[in-house]
2 protein chains.
Amino acid sequence: MSSVPTATVSRLVTYLRILTQLEAQGVKKTSSEHLADEAQVSAFQVRKDLAYFGRFGTRGAGYTVPTLRRELRRILGLTRPWSAAIVGVGRLGEAILHYPNFSDYDFVLKGAFDIDPNKVGFELGGVKIDHIDELPRVVREKGIDIGFITVPQTAAQGAADALVRAGVRGILNFAPTIIDVPKEVHVEPVDFLAGLKRLSFYILNPQLREELV
Amino acid sequence: MSSVPTATVSRLVTYLRILTQLEAQGVKKTSSEHLADEAQVSAFQVRKDLAYFGRFGTRGAGYTVPTLRRELRRILGLTRPWSAAIVGVGRLGEAILHYPNFSDYDFVLKGAFDIDPNKVGFELGGVKIDHIDELPRVVREKGIDIGFITVPQTAAQGAADALVRAGVRGILNFAPTIIDVPKEVHVEPVDFLAGLKRLSFYILNPQLREELV
DNA sequence: ATATGTGAATTGATTCACAGCG
DNA sequence: CGCTGTGAATCAATTCACATAT
(Lines give C-alpha, C1' and ligand atoms only; values in the text may rest on other atoms or scores of the structure.)
Protein backbone atom coordinates (compact mmCIF):
# COMPACT_ATOMS: atom_id res chain seq x y z
CA MET A 1 0.00 0.00 0.00
CA SER A 2 2.82 2.38 -0.87
CA SER A 3 0.64 4.79 -2.82
CA VAL A 4 -2.97 5.33 -3.79
CA PRO A 5 -3.93 7.54 -6.74
CA THR A 6 -5.68 10.73 -5.66
CA ALA A 7 -8.36 9.92 -8.22
CA THR A 8 -9.00 6.70 -6.31
CA VAL A 9 -9.65 8.65 -3.11
CA SER A 10 -12.15 10.87 -4.92
CA ARG A 11 -13.92 7.83 -6.31
CA LEU A 12 -14.09 6.15 -2.89
CA VAL A 13 -15.99 9.20 -1.68
CA THR A 14 -18.40 8.75 -4.57
CA TYR A 15 -18.87 5.03 -3.91
CA LEU A 16 -19.59 5.81 -0.26
CA ARG A 17 -22.28 8.28 -1.26
CA ILE A 18 -23.89 5.72 -3.53
CA LEU A 19 -23.80 3.07 -0.82
CA THR A 20 -25.37 5.49 1.67
CA GLN A 21 -28.22 6.12 -0.76
CA LEU A 22 -28.64 2.38 -1.40
CA GLU A 23 -28.72 1.65 2.32
CA ALA A 24 -31.33 4.38 2.86
CA GLN A 25 -33.43 2.67 0.18
CA GLY A 26 -33.08 -0.64 1.98
CA VAL A 27 -31.00 -2.26 -0.78
CA LYS A 28 -28.91 -5.08 0.71
CA LYS A 29 -26.60 -6.22 -2.12
CA THR A 30 -24.76 -4.53 -4.95
CA SER A 31 -22.01 -5.22 -7.49
CA SER A 32 -18.98 -3.51 -8.97
CA GLU A 33 -20.99 -3.06 -12.14
CA HIS A 34 -23.87 -1.30 -10.41
CA LEU A 35 -21.53 0.96 -8.43
CA ALA A 36 -19.65 1.70 -11.65
CA ASP A 37 -22.84 2.72 -13.46
CA GLU A 38 -23.83 5.08 -10.67
CA ALA A 39 -20.34 6.57 -10.34
CA GLN A 40 -19.87 6.88 -14.11
CA VAL A 41 -16.69 4.80 -14.15
CA SER A 42 -15.84 1.25 -15.27
CA ALA A 43 -16.42 -1.85 -13.13
CA PHE A 44 -12.68 -2.63 -13.42
CA GLN A 45 -11.98 0.71 -11.86
CA VAL A 46 -14.29 0.07 -8.90
CA ARG A 47 -12.67 -3.27 -8.14
CA LYS A 48 -9.14 -1.91 -8.55
CA ASP A 49 -9.92 1.06 -6.30
CA LEU A 50 -11.21 -1.24 -3.57
CA ALA A 51 -8.27 -3.63 -4.00
CA TYR A 52 -5.89 -0.95 -2.74
CA PHE A 53 -7.43 -1.46 0.70
CA GLY A 54 -8.46 -5.10 0.90
CA ARG A 55 -11.16 -7.56 -0.14
CA PHE A 56 -14.70 -6.57 0.61
CA GLY A 57 -16.87 -8.68 -1.68
CA THR A 58 -17.96 -12.25 -2.21
CA ARG A 59 -17.02 -13.88 -5.50
CA GLY A 60 -20.03 -14.80 -7.49
CA ALA A 61 -22.29 -12.73 -5.22
CA GLY A 62 -21.07 -9.11 -5.12
CA TYR A 63 -20.94 -6.75 -2.15
CA THR A 64 -23.13 -6.41 0.94
CA VAL A 65 -24.21 -2.77 1.06
CA PRO A 66 -23.92 -2.11 4.83
CA THR A 67 -20.60 -3.95 5.06
CA LEU A 68 -18.93 -2.15 2.17
CA ARG A 69 -20.32 1.17 3.40
CA ARG A 70 -18.87 0.59 6.87
CA GLU A 71 -15.51 -0.36 5.39
CA LEU A 72 -15.38 2.75 3.19
CA ARG A 73 -16.27 4.95 6.15
CA ARG A 74 -13.42 3.36 8.08
CA ILE A 75 -10.97 3.78 5.18
CA LEU A 76 -11.91 7.45 4.76
CA GLY A 77 -11.68 8.10 8.50
CA LEU A 78 -15.36 8.96 8.90
CA THR A 79 -16.12 6.86 11.97
CA ARG A 80 -15.45 9.65 14.45
CA PRO A 81 -16.70 13.20 13.97
CA TRP A 82 -14.00 15.70 12.95
CA SER A 83 -14.05 19.16 14.54
CA ALA A 84 -13.96 22.09 12.15
CA ALA A 85 -13.84 25.88 12.38
CA ILE A 86 -14.52 28.53 9.79
CA VAL A 87 -12.39 31.61 9.12
CA GLY A 88 -14.36 34.39 7.43
CA VAL A 89 -18.06 34.91 8.11
CA GLY A 90 -19.14 36.57 4.88
CA ARG A 91 -22.04 35.25 2.82
CA LEU A 92 -20.28 32.04 1.92
CA GLY A 93 -19.21 31.45 5.51
CA GLU A 94 -22.79 32.03 6.65
CA ALA A 95 -24.12 29.61 4.06
CA ILE A 96 -21.78 26.94 5.42
CA LEU A 97 -22.60 27.74 9.05
CA HIS A 98 -26.26 27.08 8.27
CA TYR A 99 -25.61 23.91 6.32
CA PRO A 100 -28.29 21.53 7.56
CA ASN A 101 -27.35 18.44 9.56
CA PHE A 102 -23.63 18.94 9.43
CA SER A 103 -23.11 16.21 11.99
CA ASP A 104 -24.85 13.73 9.71
CA TYR A 105 -21.82 14.25 7.55
CA ASP A 106 -19.25 13.25 10.19
CA PHE A 107 -18.09 16.81 10.83
CA VAL A 108 -18.99 19.26 13.63
CA LEU A 109 -18.55 23.01 13.25
CA LYS A 110 -17.28 24.24 16.60
CA GLY A 111 -15.82 27.66 15.82
CA ALA A 112 -16.14 30.70 13.57
CA PHE A 113 -13.80 33.67 13.24
CA ASP A 114 -13.94 37.08 11.65
CA ILE A 115 -12.03 40.35 11.84
CA ASP A 116 -15.15 42.54 11.72
CA PRO A 117 -16.13 43.79 15.24
CA ASN A 118 -19.76 43.99 14.11
CA LYS A 119 -19.83 40.23 13.67
CA VAL A 120 -17.79 39.15 16.70
CA GLY A 121 -19.91 38.00 19.62
CA PHE A 122 -22.93 37.04 17.57
CA GLU A 123 -24.02 33.49 17.01
CA LEU A 124 -24.93 31.86 13.69
CA GLY A 125 -26.11 28.32 13.18
CA GLY A 126 -25.43 27.62 16.85
CA VAL A 127 -21.78 28.70 16.61
CA LYS A 128 -20.36 31.77 18.34
CA ILE A 129 -18.28 34.14 16.21
CA ASP A 130 -14.92 35.03 17.79
CA HIS A 131 -12.37 37.60 16.75
CA ILE A 132 -9.59 36.13 14.66
CA ASP A 133 -7.11 36.97 17.45
CA GLU A 134 -8.86 34.32 19.55
CA LEU A 135 -8.18 31.62 16.95
CA PRO A 136 -5.16 30.00 18.64
CA ARG A 137 -6.95 29.72 21.98
CA VAL A 138 -10.25 28.43 20.58
CA VAL A 139 -8.60 25.93 18.25
CA ARG A 140 -6.66 24.51 21.17
CA GLU A 141 -9.55 24.51 23.65
CA LYS A 142 -12.04 22.93 21.27
CA GLY A 143 -9.64 20.52 19.61
CA ILE A 144 -10.26 21.82 16.08
CA ASP A 145 -8.80 19.50 13.43
CA ILE A 146 -9.86 21.26 10.23
CA GLY A 147 -10.16 24.91 9.18
CA PHE A 148 -12.37 26.29 6.41
CA ILE A 149 -11.01 29.40 4.69
CA THR A 150 -13.86 31.60 3.45
CA VAL A 151 -12.11 34.98 3.47
CA PRO A 152 -11.35 37.11 0.37
CA GLN A 153 -8.42 36.05 -1.80
CA THR A 154 -6.03 38.64 -0.36
CA ALA A 155 -6.60 37.40 3.20
CA ALA A 156 -6.39 33.67 2.43
CA GLN A 157 -2.68 33.16 3.06
CA GLY A 158 -2.89 34.97 6.40
CA ALA A 159 -5.84 32.84 7.45
CA ALA A 160 -3.93 29.71 6.45
CA ASP A 161 -0.87 30.81 8.44
CA ALA A 162 -3.02 31.41 11.53
CA LEU A 163 -4.68 28.01 11.21
CA VAL A 164 -1.35 26.23 10.72
CA ARG A 165 0.23 27.98 13.71
CA ALA A 166 -2.76 26.97 15.82
CA GLY A 167 -2.16 23.35 14.85
CA VAL A 168 -4.94 22.29 12.48
CA ARG A 169 -4.19 19.24 10.36
CA GLY A 170 -6.26 20.05 7.29
CA ILE A 171 -7.65 23.06 5.45
CA LEU A 172 -10.62 23.35 3.11
CA ASN A 173 -9.75 26.38 1.01
CA PHE A 174 -12.71 28.17 -0.62
CA ALA A 175 -10.61 31.20 -1.62
CA PRO A 176 -9.60 31.42 -5.28
CA THR A 177 -5.87 31.18 -4.70
CA ILE A 178 -3.16 28.66 -3.88
CA ILE A 179 -2.02 28.76 -0.27
CA ASP A 180 1.36 27.72 1.08
CA VAL A 181 1.38 25.38 4.07
CA PRO A 182 3.91 23.00 5.62
CA LYS A 183 3.84 19.53 4.13
CA GLU A 184 2.24 17.95 7.20
CA VAL A 185 -0.95 20.01 6.68
CA HIS A 186 -3.25 18.90 3.88
CA VAL A 187 -5.21 21.40 1.77
CA GLU A 188 -8.27 20.65 -0.33
CA PRO A 189 -9.27 23.44 -2.71
CA VAL A 190 -12.97 24.17 -3.31
CA ASP A 191 -12.70 26.74 -6.06
CA PHE A 192 -15.82 27.43 -8.05
CA LEU A 193 -14.21 30.18 -10.16
CA ALA A 194 -11.58 27.68 -11.33
CA GLY A 195 -14.40 25.23 -12.13
CA LEU A 196 -16.14 27.91 -14.17
CA LYS A 197 -13.02 28.57 -16.20
CA ARG A 198 -12.51 24.87 -16.90
CA LEU A 199 -16.15 24.80 -18.01
CA SER A 200 -15.44 27.63 -20.43
CA PHE A 201 -12.54 25.69 -21.92
CA TYR A 202 -14.49 22.46 -22.35
CA ILE A 203 -17.52 24.19 -23.85
CA LEU A 204 -15.24 25.66 -26.50
CA ASN A 205 -13.19 22.48 -26.96
CA PRO A 206 -15.61 19.56 -26.60
CA GLN A 207 -13.27 17.28 -28.54
CA LEU A 208 -10.59 17.69 -25.86
CA ARG A 209 -12.76 16.32 -23.10
CA GLU A 210 -12.03 12.91 -21.68
CA GLU A 211 -14.54 10.22 -22.47
CA LEU A 212 -17.13 9.58 -19.81
CA VAL A 213 -17.79 5.93 -20.61
CA MET B 1 -3.68 18.46 -30.33
CA SER B 2 -5.68 15.26 -30.05
CA SER B 3 -5.97 15.39 -26.27
CA VAL B 4 -5.01 17.57 -23.35
CA PRO B 5 -4.83 16.18 -19.79
CA THR B 6 -7.57 17.54 -17.55
CA ALA B 7 -4.84 18.33 -15.02
CA THR B 8 -3.28 20.61 -17.64
CA VAL B 9 -6.53 22.57 -17.98
CA SER B 10 -6.67 23.05 -14.21
CA ARG B 11 -3.08 24.26 -14.17
CA LEU B 12 -3.71 26.71 -17.03
CA VAL B 13 -6.39 28.30 -14.85
CA THR B 14 -3.83 28.62 -12.06
CA TYR B 15 -1.19 30.13 -14.36
CA LEU B 16 -3.74 32.65 -15.59
CA ARG B 17 -4.53 33.70 -12.03
CA ILE B 18 -0.84 34.18 -11.29
CA LEU B 19 -0.36 36.22 -14.47
CA THR B 20 -3.34 38.39 -13.58
CA GLN B 21 -1.80 39.12 -10.19
CA LEU B 22 1.59 39.85 -11.76
CA GLU B 23 0.03 42.21 -14.29
CA ALA B 24 -1.84 44.03 -11.52
CA GLN B 25 1.51 44.48 -9.77
CA GLY B 26 3.00 45.94 -12.95
CA VAL B 27 5.39 43.02 -13.50
CA LYS B 28 6.28 42.80 -17.20
CA LYS B 29 8.31 39.58 -17.56
CA THR B 30 8.20 36.15 -15.99
CA SER B 31 9.62 32.65 -16.51
CA SER B 32 8.48 29.05 -16.40
CA GLU B 33 10.41 28.72 -13.15
CA HIS B 34 8.65 31.62 -11.47
CA LEU B 35 5.21 30.45 -12.62
CA ALA B 36 6.09 26.95 -11.41
CA ASP B 37 7.03 28.21 -7.95
CA GLU B 38 3.77 30.12 -7.61
CA ALA B 39 1.66 27.26 -8.92
CA GLN B 40 3.48 24.65 -6.84
CA VAL B 41 4.46 22.53 -9.85
CA SER B 42 7.70 21.95 -11.78
CA ALA B 43 9.02 24.27 -14.49
CA PHE B 44 8.98 21.31 -16.93
CA GLN B 45 5.30 20.99 -16.25
CA VAL B 46 4.58 24.64 -17.01
CA ARG B 47 6.43 24.49 -20.33
CA LYS B 48 4.80 21.20 -21.32
CA ASP B 49 1.33 22.49 -20.43
CA LEU B 50 1.83 25.58 -22.60
CA ALA B 51 3.31 23.50 -25.43
CA TYR B 52 -0.05 21.78 -25.96
CA PHE B 53 -1.29 25.09 -27.35
CA GLY B 54 1.66 26.77 -29.01
CA ARG B 55 4.78 28.82 -28.32
CA PHE B 56 4.36 31.84 -26.14
CA GLY B 57 7.82 32.67 -24.81
CA THR B 58 11.14 33.97 -26.00
CA ARG B 59 14.10 31.63 -25.65
CA GLY B 60 16.67 33.05 -23.32
CA ALA B 61 14.25 35.72 -22.08
CA GLY B 62 11.10 34.10 -20.69
CA TYR B 63 7.48 35.21 -21.09
CA THR B 64 5.91 38.65 -21.41
CA VAL B 65 3.22 38.81 -18.73
CA PRO B 66 0.45 40.63 -20.67
CA THR B 67 1.03 38.52 -23.79
CA LEU B 68 0.93 35.17 -22.03
CA ARG B 69 -2.07 36.31 -20.00
CA ARG B 70 -3.94 37.29 -23.15
CA GLU B 71 -3.09 33.95 -24.78
CA LEU B 72 -4.28 31.95 -21.78
CA ARG B 73 -7.52 33.92 -21.68
CA ARG B 74 -8.02 33.11 -25.35
CA ILE B 75 -7.20 29.40 -24.85
CA LEU B 76 -9.64 29.16 -21.93
CA GLY B 77 -12.35 31.02 -23.83
CA LEU B 78 -12.45 33.97 -21.46
CA THR B 79 -12.40 36.77 -24.02
CA ARG B 80 -16.16 37.14 -24.21
CA PRO B 81 -18.40 37.11 -21.15
CA TRP B 82 -20.38 33.89 -20.65
CA SER B 83 -24.01 34.14 -19.53
CA ALA B 84 -24.95 32.10 -16.49
CA ALA B 85 -28.10 31.37 -14.49
CA ILE B 86 -28.54 29.88 -11.06
CA VAL B 87 -31.05 27.18 -10.10
CA GLY B 88 -31.83 27.20 -6.39
CA VAL B 89 -31.82 30.40 -4.36
CA GLY B 90 -31.03 29.05 -0.89
CA ARG B 91 -28.18 30.41 1.19
CA LEU B 92 -25.51 29.14 -1.18
CA GLY B 93 -27.35 30.50 -4.21
CA GLU B 94 -27.67 33.87 -2.48
CA ALA B 95 -23.97 33.91 -1.63
CA ILE B 96 -23.18 33.38 -5.31
CA LEU B 97 -25.71 35.97 -6.47
CA HIS B 98 -23.94 38.55 -4.32
CA TYR B 99 -20.48 37.54 -5.41
CA PRO B 100 -18.73 40.86 -5.99
CA ASN B 101 -17.65 41.91 -9.48
CA PHE B 102 -18.78 38.79 -11.25
CA SER B 103 -18.23 40.42 -14.61
CA ASP B 104 -14.57 40.98 -13.73
CA TYR B 105 -14.41 37.22 -13.91
CA ASP B 106 -15.70 36.93 -17.47
CA PHE B 107 -19.13 35.67 -16.44
CA VAL B 108 -22.46 37.50 -16.12
CA LEU B 109 -25.29 36.17 -13.96
CA LYS B 110 -28.47 36.87 -15.91
CA GLY B 111 -31.04 34.58 -14.32
CA ALA B 112 -32.08 32.91 -11.06
CA PHE B 113 -34.74 30.26 -10.48
CA ASP B 114 -36.48 28.75 -7.50
CA ILE B 115 -39.58 26.71 -6.81
CA ASP B 116 -40.55 28.67 -3.68
CA PRO B 117 -43.35 31.22 -4.44
CA ASN B 118 -42.06 33.39 -1.58
CA LYS B 119 -38.83 33.95 -3.46
CA VAL B 120 -40.16 34.32 -7.00
CA GLY B 121 -40.47 37.93 -8.16
CA PHE B 122 -37.86 39.31 -5.79
CA GLU B 123 -34.50 40.57 -6.92
CA LEU B 124 -31.12 39.68 -5.43
CA GLY B 125 -27.76 41.04 -6.50
CA GLY B 126 -29.47 42.77 -9.43
CA VAL B 127 -30.98 39.52 -10.75
CA LYS B 128 -34.73 38.79 -10.78
CA ILE B 129 -35.80 35.43 -9.37
CA ASP B 130 -38.16 33.52 -11.67
CA HIS B 131 -40.16 30.38 -11.04
CA ILE B 132 -38.41 27.27 -12.28
CA ASP B 133 -41.23 26.77 -14.81
CA GLU B 134 -39.97 29.90 -16.57
CA LEU B 135 -36.50 28.41 -17.02
CA PRO B 136 -36.84 27.34 -20.68
CA ARG B 137 -38.16 30.73 -21.75
CA VAL B 138 -35.61 32.78 -19.79
CA VAL B 139 -32.66 30.64 -20.86
CA ARG B 140 -33.66 31.09 -24.49
CA GLU B 141 -34.44 34.81 -24.25
CA LYS B 142 -31.27 35.71 -22.36
CA GLY B 143 -28.95 33.34 -24.18
CA ILE B 144 -27.81 31.52 -21.03
CA ASP B 145 -24.79 29.29 -21.70
CA ILE B 146 -24.09 27.93 -18.22
CA GLY B 147 -26.30 26.80 -15.32
CA PHE B 148 -25.31 26.67 -11.65
CA ILE B 149 -27.06 23.97 -9.63
CA THR B 150 -27.46 25.05 -6.00
CA VAL B 151 -30.52 23.00 -5.04
CA PRO B 152 -30.59 20.17 -2.46
CA GLN B 153 -29.16 16.81 -3.51
CA THR B 154 -32.54 15.25 -4.21
CA ALA B 155 -33.49 18.02 -6.65
CA ALA B 156 -30.16 18.16 -8.49
CA GLN B 157 -30.93 15.70 -11.28
CA GLY B 158 -34.25 17.44 -12.04
CA ALA B 159 -32.52 20.80 -12.19
CA ALA B 160 -29.89 19.35 -14.53
CA ASP B 161 -32.58 17.87 -16.79
CA ALA B 162 -34.35 21.24 -17.00
CA LEU B 163 -31.12 23.05 -17.84
CA VAL B 164 -30.17 20.50 -20.49
CA ARG B 165 -33.62 20.64 -22.11
CA ALA B 166 -33.37 24.41 -22.19
CA GLY B 167 -30.09 24.12 -24.08
CA VAL B 168 -27.28 25.13 -21.74
CA ARG B 169 -23.83 23.93 -22.72
CA GLY B 170 -22.25 23.63 -19.29
CA ILE B 171 -23.26 23.05 -15.68
CA LEU B 172 -21.48 23.97 -12.46
CA ASN B 173 -22.85 21.46 -9.98
CA PHE B 174 -22.66 22.47 -6.32
CA ALA B 175 -24.95 19.63 -5.18
CA PRO B 176 -23.24 16.66 -3.51
CA THR B 177 -24.22 14.11 -6.13
CA ILE B 178 -23.29 12.97 -9.62
CA ILE B 179 -25.69 14.14 -12.31
CA ASP B 180 -26.42 12.48 -15.65
CA VAL B 181 -26.29 14.66 -18.73
CA PRO B 182 -25.86 14.06 -22.45
CA LYS B 183 -22.25 13.94 -23.57
CA GLU B 184 -22.41 17.30 -25.35
CA VAL B 185 -23.03 19.09 -22.01
CA HIS B 186 -20.05 19.50 -19.73
CA VAL B 187 -20.37 19.32 -15.93
CA GLU B 188 -17.90 20.66 -13.39
CA PRO B 189 -18.51 19.51 -9.83
CA VAL B 190 -17.92 21.93 -6.92
CA ASP B 191 -18.43 19.60 -4.01
CA PHE B 192 -17.12 20.76 -0.66
CA LEU B 193 -18.44 17.70 1.21
CA ALA B 194 -16.38 15.47 -1.07
CA GLY B 195 -13.36 17.71 -0.43
CA LEU B 196 -13.92 17.35 3.32
CA LYS B 197 -13.97 13.58 3.06
CA ARG B 198 -10.77 13.51 1.04
CA LEU B 199 -9.27 15.75 3.73
CA SER B 200 -10.28 13.20 6.36
CA PHE B 201 -8.53 10.44 4.43
CA TYR B 202 -5.31 12.38 3.92
CA ILE B 203 -5.14 13.56 7.53
CA LEU B 204 -5.28 9.91 8.60
CA ASN B 205 -2.95 8.68 5.85
CA PRO B 206 -0.33 11.39 5.34
CA GLN B 207 2.08 8.89 3.80
CA LEU B 208 -0.38 8.25 0.96
CA ARG B 209 -0.40 11.83 -0.20
CA GLU B 210 1.36 12.76 -3.42
CA GLU B 211 4.54 14.71 -3.03
CA LEU B 212 4.28 18.46 -3.41
CA VAL B 213 7.92 18.82 -4.58
C1' DA C 1 -22.91 -19.92 -13.03
C1' DT C 2 -21.40 -15.70 -11.58
C1' DA C 3 -18.89 -11.73 -10.01
C1' DT C 4 -14.67 -10.69 -7.39
C1' DG C 5 -9.68 -9.96 -7.14
C1' DT C 6 -5.27 -9.33 -9.49
C1' DG C 7 -1.01 -9.80 -12.37
C1' DA C 8 0.06 -8.27 -17.12
C1' DA C 9 -0.56 -5.16 -20.86
C1' DT C 10 -1.69 -0.88 -22.33
C1' DT C 11 -2.48 3.72 -22.21
C1' DG C 12 -1.58 8.21 -20.40
C1' DA C 13 1.05 11.82 -17.83
C1' DT C 14 5.17 13.58 -16.00
C1' DT C 15 10.03 14.08 -15.93
C1' DC C 16 14.17 14.57 -18.13
C1' DA C 17 17.89 16.16 -21.09
C1' DC C 18 19.21 18.74 -24.50
C1' DA C 19 18.47 20.89 -29.03
C1' DG C 20 17.07 25.37 -30.73
C1' DC C 21 16.67 30.21 -30.75
C1' DG C 22 17.09 34.85 -29.22
C1' DC D 1 24.79 32.38 -22.40
C1' DG D 2 19.95 31.63 -20.78
C1' DC D 3 15.54 29.96 -21.00
C1' DT D 4 12.17 27.99 -23.97
C1' DG D 5 10.34 24.13 -26.52
C1' DT D 6 10.17 19.13 -27.33
C1' DG D 7 11.23 14.24 -28.46
C1' DA D 8 12.61 10.29 -25.52
C1' DA D 9 12.47 7.94 -21.21
C1' DT D 10 10.37 7.14 -17.05
C1' DC D 11 6.74 6.75 -14.02
C1' DA D 12 1.85 6.23 -12.89
C1' DA D 13 -2.92 4.94 -13.80
C1' DT D 14 -6.26 2.46 -16.21
C1' DT D 15 -7.83 -1.42 -18.76
C1' DC D 16 -7.92 -6.07 -19.66
C1' DA D 17 -8.31 -11.08 -19.21
C1' DC D 18 -8.71 -14.67 -16.51
C1' DA D 19 -7.83 -17.40 -12.41
C1' DT D 20 -10.36 -17.88 -8.19
C1' DA D 21 -13.81 -18.43 -4.85
C1' DT D 22 -18.65 -19.28 -3.59
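Every chain is numbered from 1 and lettered A, B, ... according to where its sequence line falls, protein lines coming before strand lines.
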Flag the pair B/R73 and B/D106 as a salt bridge only when some basic side-chain nitrogen lies within less than 4.0 angstrom of an acidic carboxylate oxygen.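 A salt bridge links B/R73 with B/D106.
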
Measure [atom1]/[X] against [atom2]/[N] and give the value in whole Å, please.
X     : N      : atom1 : atom2 : result
B/F56 : D/dG5  : CZ    : P     : 8 Å
B/Q40 : C/dT14 : CD    : C1'   : 18 Å
B/F53 : D/dG5  : CZ    : P     : 14 Å
A/Q45 : D/dA17 : CD    : P     : 16 Å
B/L50 : C/dT14 : CG    : C1'   : 15 Å
B/D49 : C/dG12 : CG    : P     : 17 Å
A/R55 : C/dA3  : CZ    : C1'   : 14 Å
A/L68 : C/dG5  : CG    : C1'   : 14 Å

Counting just side-chain N and O atoms, does [X] come under 4.0 Å of either OP1 or OP2 of [N]?
X     : N      : answer
B/S32 : D/dT4  : yes
B/S42 : C/dT15 : yes
B/Y52 : C/dT14 : no
A/Y63 : C/dG5  : yes
A/S31 : C/dA3  : no

Closest-nucleotide 5' rank along DNA chain D - winner of A/A61 and A/F44: A/F44

Judged by modelled atom types alone, do A/T177 and B/R17 share a side-chain donor-acceptor pair under 3.5 Å?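 Judged by distance alone, the side chains do not pair up.
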
Under 3.5 Å, is there a donor-acceptor pair between the B/R47 and B/S32 side chains? yes

Would you mind classifying the nucleic acid contact of A/R47 as base, sugar-phosphate or nothing, using non-hydrogen atoms under 4.0 angstrom? base

Could you check whether A/F192 and B/F174 have their ring centres less than 6.0 Å apart?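 They qualify: ring centres under 6.0 Å apart.
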
Would you kindly compare A/K48 and A/A43 by the position of their nearest DNA chain C nucleotide and give the one closer to the 5′ end?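 Its nearest nucleotide being more 5', the pick is A/A43.
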
Measuring from B/L97:CG to A/R91:CZ, what's the distance to the nearest 0.5 Å?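 If I round to the nearest 0.5 Å, the distance is 9.5 Å.
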
Shortest side-chain distance from B/R59, nucleotide among C/dT15, C/dG22, C/dA8: C/dG22

